[in-house]
Amino acid sequence: MKIATWNVNSLKVRLPHVIDWLNNHQPDILCLQETKLIDDHFPLHDINALGYHCLFNGQKTYNGVAILSKLAGNDRILDIPQFSDEQKRVISATYGDLRVVCVYVPNGESVESAKYQYKLQWLTALKQWLQQELIRYEQLIVLGDFNIAPEDRDVYDPDAWRDKVLCSQPERDALNDLIGLGLKDSFRLFEQPEKSYTWWDYRMMAFRLNRGLRIDHILISDVLTKHCSACSIDKQPRKLERPSDHAPVIVEFKIKE
DNA sequence: ATGGTAGAGGATCTA
């Protein structure tokens, strides 16, 4: 079983890349962030034509998340329950015995910004909700754009990024709090190349110079860890014309469900 | 040097 996450930065612009990627990789599940589409404009038929079901939670201009899957999803939940938020950043559903939570964590803008406080509050709400979900679902996977680089080795220039947004200690603490609920960063279960990143700024030739950050993650519950066989970043789509600024992250499991 | 690029939408806001 193969599950992936990809911040596409506009599904309208990136639809050809997503279609090619689905055809080439045949993931069982692909979670998308920054679809930037209202639900009425979701390209449902194009994706259905590839044999994938779609669940989505979109809005105009910003944010927006979706889950594409070979199996139909059950028990769909939109957003974080009991957390009032106009921004569409979460969708979750069950596939077989697997509970999938697709997240687009707020960027935060800068540590001085009000958006940074929103980000930390949002992460607290996510933690409180996931604590309950982990009781309900033994096989839980939480994946998406977390907008947090967990450690200095996940940053191309740690000194330049020290205490900056995406790297600050409160953000890293918040991510570690999620992991502390009983989740693991699947990427770090395996030996990985040095300087592995998932996002590169469009500016200053950042991708060509591999000036990136690893901010997209796949967190899995302990039961899933036992069956997890690989986790990797696919840099290939970042090399295409008009790419997303993020690369997909893929996790694989030996179990079939 | 406080820039630069991309997307949405139609002037800025967000990342």
Side-chain angles (χ1 to χ4, degrees), chain A residues 5-21 31-44 46-47 56-66 79 85-91 102-123 126 143-150 154-157 159-168 170-172 174-175 197-217 233-249:
Chain A
T5 179
W6 192 6
N7 180 323
V8 290
N9 186 18
S10 167
L11 183 54
K12 184 182 174 187
V13 172
R14 234 62 69 190
L15 184 61
H17 292 184
V18 171
I19 289 172
D20 285 347
W21 200 85
C31 293
L32 303 177
Q33 301 86 36
E34 285 205 90
T35 55
K36 299 186 174 179
L37 289 168
I38 60 170
D39 291 346
D40 286 348
H41 292 170
F42 195 91
L44 185 60
D46 297 280
I47 295 169
F56 37 88
N57 186 19
Q59 67 179 87
K60 197 176 163 189
T61 311
Y62 302 121
N63 309 313
V65 286
D79 309 316
D85 190 359
E86 291 178 7
Q87 304 187 19
K88 303 303 185 187
R89 297 182 172 280
V90 181
I91 186 167
C102 169
V103 301
Y104 175 47
V105 176
N107 172 282
E109 190 182 36
S110 71
V111 294
E112 300 86 7
S113 171
K115 296 193 191 79
Y116 180 78
Q117 294 304 319
Y118 163 66
K119 179 179 194 174
L120 294 178
Q121 287 164 12
W122 195 97
L123 286 162
L126 179 66
L143 66 169
D145 178 0
F146 285 74
N147 270 312
I148 301 170
D154 302 309
V155 182
Y156 72 94
D157 186 346
D159 290 323
W161 281 83
R162 183 92 47 216
D163 300 324
K164 298 281 198 301
V165 76
L166 313 185
C167 300
S168 74
E171 293 168 82
R172 288 178 170 177
L175 181 58
Y197 310 123
T198 65
W199 169 82
W200 303 259
D201 199 298
Y202 283 121
R203 297 166 288 192
M204 310 293 282
M205 301 188 295
F207 182 68
R208 227 165 53 81
L209 300 168
N210 197 29
R211 294 180 178 167
L213 274 67
R214 191 175 71 92
I215 58 176
D216 300 85
H217 306 298
I233 298 162
D234 181 14
K235 287 174 74 169
Q236 195 279 331
R238 188 64 177 79
K239 301 173 183 172
L240 298 171
E241 288 291 318
R242 269 192 111 179
S244 169
D245 44 352
H246 294 252
V249 185

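Each chain gets a letter, A, B and so on, in the order its sequence line appears, and its residues count up from 1.
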Look at all strands and tell whether F207(A) reaches a base, only sugar-phosphate, or nothing, counting heavy atoms closer than 4.0 Å.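 Here F207(A) touches no strand at all.
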What nucleic acid atoms does R208(A) come within less than 4.0 Å of, heavy atoms only: base, sugar-phosphate, or nothing?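 The residue R208(A) makes no contact with any strand.
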Would you call the rings of Y156(A) and W161(A) parallel, tilted or perpendicular, where under 30° means parallel and over 60° means perpendicular?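 Taking W161(A) first and then Y156(A), their aromatic rings stand perpendicular (interplane angle over 60°).
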Pairwise [atom1] distance for [N] and [M], with rounding to whole Å:
| N | M | atom1 | answer |
| --- | --- | --- | --- |
| dT2(B) | dA8(B) | C1' | 24 Å |
| dG9(B) | dT5(B) | P | 22 Å |
| dG10(B) | dT14(B) | P | 15 Å |
| dG3(B) | dC13(B) | P | 14 Å |
| dT12(B) | dA1(B) | P | 28 Å |

Could you state the interatomic distance from CG (L175(A)) to CZ (F146(A)), rounded to the nearest 0.5 Å?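 Going from CG on L175(A) over to CZ on F146(A), the span is 6.5 Å.
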Name the residue closer to the 5' end of DNA chain B, choosing between Q87(A) and K60(A) according to the nucleotide with the nearest heavy atom.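 Closest to the 5' end, via its nearest nucleotide, is K60(A).
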Start at the 5' end of DNA chain B and walk down; is the nucleotide closest to M204(A) or to G108(A) reached first?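 Between the two, 5'-proximity favours M204(A).
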Side chain [X], main chain [Y], donor-acceptor under 3.5 Å:
| X | Y | result |
| --- | --- | --- |
| R238(A) | W200(A) | yes |
| K119(A) | N107(A) | yes |
| Q59(A) | K88(A) | yes |

Segment of DNA chain B, first to last nucleotide, that comes within the 4.0 Å heavy-atom reach of chain A: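 Listed 5' to 3', the contact boundaries are dG4(B) to dA15(B).
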Check ring-ring contact (aromatic ring centres under 6.0 Å, His included) between F42(A) and all other residues, then give those that pass, not counting sequence neighbours.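 F42(A) satisfies ring-ring contact (aromatic ring centres under 6.0 Å, His included) with F56(A) only.
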